[in-house]
Amino acid sequence: MPPPGAPRVRFAPSPTGFLHVGGARTALFNWLYARKTGGTFVLRIEDTDQARSTEAHTQVILDGLRWLGISWDEGPFFQGAEVARHQRDADRLLAAGQAYRCFCTKEDLEQQRARAPGGAETFKYDRRCLRLDQAEIDRRVAAGQPYAIRFLMPAEEIAWDDAVHGVITWHGRDLDDLVILRSNRTPIYNLAVVSDDIAMGITHVLRGDDHISNTPKQIALYRALGASVPRFGHVPMILGPDGKKLSKRHGATAVGDYQHQGILPAAMRNFLALLGWSPGDDREIMTAAELIAAFSLEAIQKKAAVFDFTKLEWMNGQYLSALPAAAIEPLIRPALASMGVDPGDRPMGPIIDAVKSRARTVTQLAERAAVRIDPTRAKVEPKGIALIEKMGPKYRENLGHAVTALSPLGSTEWTADSILAAIKGAGERLEIKLADLMQPIRVALTGDTVSEPVNELLVAVGRTTALTVLERAARG
RNA sequence: GGCCCCAUCGUCUAACGGUUAGGACAUCACUCUUUCAAGGUGGUAAUACGGGUUCGAUUCCCGUUGGGGUCACCA
């Protein structure tokens with residue numbers, strides 16, 4: 001049981017089909033705050049837009065949160081289930097004179113907007129329906145003319161002490177009389193959110209910066225509804241490398257994308273936590289418990305942050321290297337299977353240990369393990385091609401020397417030590433630089449110029465396979 | 001355009017009036033390996049600009065510039 005007076009926070013995504021990294025970070029901050037304060041984290045799905053919302057879309061979001069280890073205490077609740085309350089709240093405001101019937105149709109409004117003197121962007125509803133006399137309103141209602149319910153925005157100052165920005169001040173006169181209930185009696189977002197947050201007893205609303213302009217409208221609604229206003233905190237946006245709001249055209253924006261690219265959930269969570277927040281010291285790699293202990297709203301950055309995928313990969317590599325081979329094996333098994341590589345009963349431990357410190361993603365690690373199991377699937381990387389071109393005929397020639405030096409080793413002598421000795425011996429005898437002997441083997445076996453030490457690579461691949469592949473490569 | 005928000009290395013950030021402006025990613029060099037990486041060590045690199053306030057401004061105030069968000073019977 002949370003202590004009395006503990007915060008109640010919520011994450012309220014709309015089910016659009018994927019969990020955006022920005023949304024994931026917002027969820028993470030809410031979760032960290034709830035865990036830090038002993039508060040409650042509520043999950044609510046904003047499915048008011050029935051056309052776009054599906055069960056499957058909701059599932060994707062839940063899966064994404066679970067994957068990141070973000071657990072919720074209540075919910076998921078569905079906004080769509082609460083339209084009766086939304087209507088009641090709208091009707092209450094109407095009865096109290098804090099809202100009014102608007103008979104303008106969508107088409108009317110479009111025309112009014114088009115004729116706005118300063119252009120459509122400056123359009124503000126002119127309250128023509130507010131000026132209708134009661135008899136006229138009664139007549140239209142009696143005639144069954146449809147109407148929306150429009151909130152009467154008070155011309156007063158609306159300010160709040162934002163948890164990340166400090167005091168932000170707006171004026172009601174700059175705000176439009178927003179529609180809160182459509183003519184088909186379904187609620188509009190700003191009403192639904194306020195109504196739900198009141199009903200759920202939400203004390204802190206932590207959400208993206210892009211909601212700042214909704215906040216004064218919502219505060220006005222809280223006041224009209226006679227409810228206490230929660231604490232608001234607006235976390236900065238996440239930008240793409242070009243400084244624009246992160247979107248599809250920047251590549252991967254959904255947490256599912258990163259999952260499929262072989263990012264570990266702990267690394268993703270750690271990285272996201274450090275985007276727009278910092279513990280105040282030099283720590284970077286932090287466990288969930290450490291993040292919770294260090295978290296505070298005050299330390300959230302005001303400035304938008306660029307999503308740096310390279311740093312995410314680096315961080316993922318750190319987590320990968322720290323993981324024992326036994327923990328990595330189940331992660332790469334499915335990837336190997338989908339590549340059609342069957343390790344049989346070969347122990348995977350040594351292969352994983354050989355490649356894990358050099359890999360940055362699970363996918364990369366799986367590919368490199370696969371090549372060690374079956375060298376024929378190695379595809380030559382650009383760096384490998386460069387090396388082959390640079391060495392010219394020497395490439396195959398030296399591979400030939402390597403085969404000659406290695407062939408005499410029997411299967412019991414196929415160890416890292418004796419392989420190294422054999423290659424070194426050949427190098428000295430033929431007066432070839434060791435690197436010129438080693439790198440071709442590396443490229444022939446893996447297609448890449450990066451691997452564990454070559455002698456260990458040869459052991460990992462195994463005598464028979466290694467010699468077969470090398471001979472073939474030497475012949476061209 | 002109106003309203004609002006923001007401004008420290010290329011990127012993520014630390015410094016809550018006094019620091020040689022710190023760390024991390026990336027980058028460069030060196031170093032280990034008679035092999036590639038990883039690792040280790042070191043280097044390059046920032047307070048947008050202009051005014052104030054102050055003995056002293058990255059830090060407080062104002063302006064300029066630049067960037068961003070938002071202006072629906074979408075969420």
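Chain identifiers are assigned alphabetically (A, B, ...) following the order of the sequence lines, protein sequences preceding nucleic acid strands; residue numbering begins at 1 within each chain.
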- Item | Gap in Å between the two C1' atoms, one belonging to G42(B) and one to C32(B), rounded |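 Between the two C1' atoms, the distance is 15 Å.
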Quick one: label [X] by what it contacts on the DNA or RNA (base, sugar-phosphate, nothing), any heavy atom closer than 4.0 Å.
X	answer
Gln301(A)	sugar-phosphate
Asn455(A)	base
Gly317(A)	nothing
Gly208(A)	nothing
Ser278(A)	sugar-phosphate
Arg360(A)	sugar-phosphate
Val450(A)	base
Lys124(A)	nothing
Leu437(A)	nothing
Lys433(A)	nothing
Asn184(A)	nothing

Contact list (N/O, under 3.5 angstrom) for nucleotides 4-6 of chain B vs protein:
residue : atom : partner   : partner atom : Å
C5(B)   : O3'  : His165(A) : ND1          : 3.0
C6(B)   : OP1  : His165(A) : ND1          : 3.3

- Message: Check for me whether the distance between the ring centres of Trp72(A) and Phe11(A) falls short of 6.0 Å.
- Response: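 No, ring centres 6.0 Å or more apart.
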Tell me the partner of [N], counting only Watson-Crick (N1-N3 plus N6-O4 or O6-N4) or G-U wobble (N1-O2 and O6-N3) with both under 3.5 Å; none if nothing fits.
N	result
U59(B)	none
U11(B)	A24(B)
U33(B)	none

- Task: Classify the side chain of Ser183(A) versus the base of C73(B) as yes if they form a donor-acceptor pair under 3.5 Å and no if they do not.
- Result: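 When only heavy-atom distances are counted, Ser183(A) does reach the base of C73(B) through a donor-acceptor pair under 3.5 Å.
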- Query: Should the pair Asp89(A)-Arg92(A) be classified as a salt bridge under the 4.0 Å nitrogen-to-oxygen rule?
  - Reply: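 Yes, charged N to carboxylate O under 4.0 Å.
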- Query: Is any NZ, NE, NH1 or NH2 atom of the basic residue among Asp242(A) and Lys244(A) found under 4.0 Å from an Asp or Glu carboxylate oxygen of the other?
  - Reply: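 Salt bridge: no.
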- Message: Testing the 3.5 Å rule here: is there a donor-acceptor pair between the side chains of Tyr319(A) and Asn270(A)?
- Response: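 Present: a donor and an acceptor within the cut-off.
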- Query: Any side-chain donor paired with an acceptor under 3.5 Å for Asp162(A) and His234(A)?
  - Reply: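 Short answer, yes.
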[X] vs [N]: side-chain N/O to OP1/OP2 distance below 4.0 Å:
X	N	answer
Gln318(A)	A38(B)	no
Lys106(A)	C74(B)	yes
Arg283(A)	G23(B)	no
Arg150(A)	C73(B)	yes
Lys217(A)	A75(B)	no

- Of the nucleotides G69(B), G67(B), A38(B), which one has an atom closest to the side chain of Ser357(A)?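 Taking heavy atoms from C-beta onward, the closest nucleotide is A38(B).
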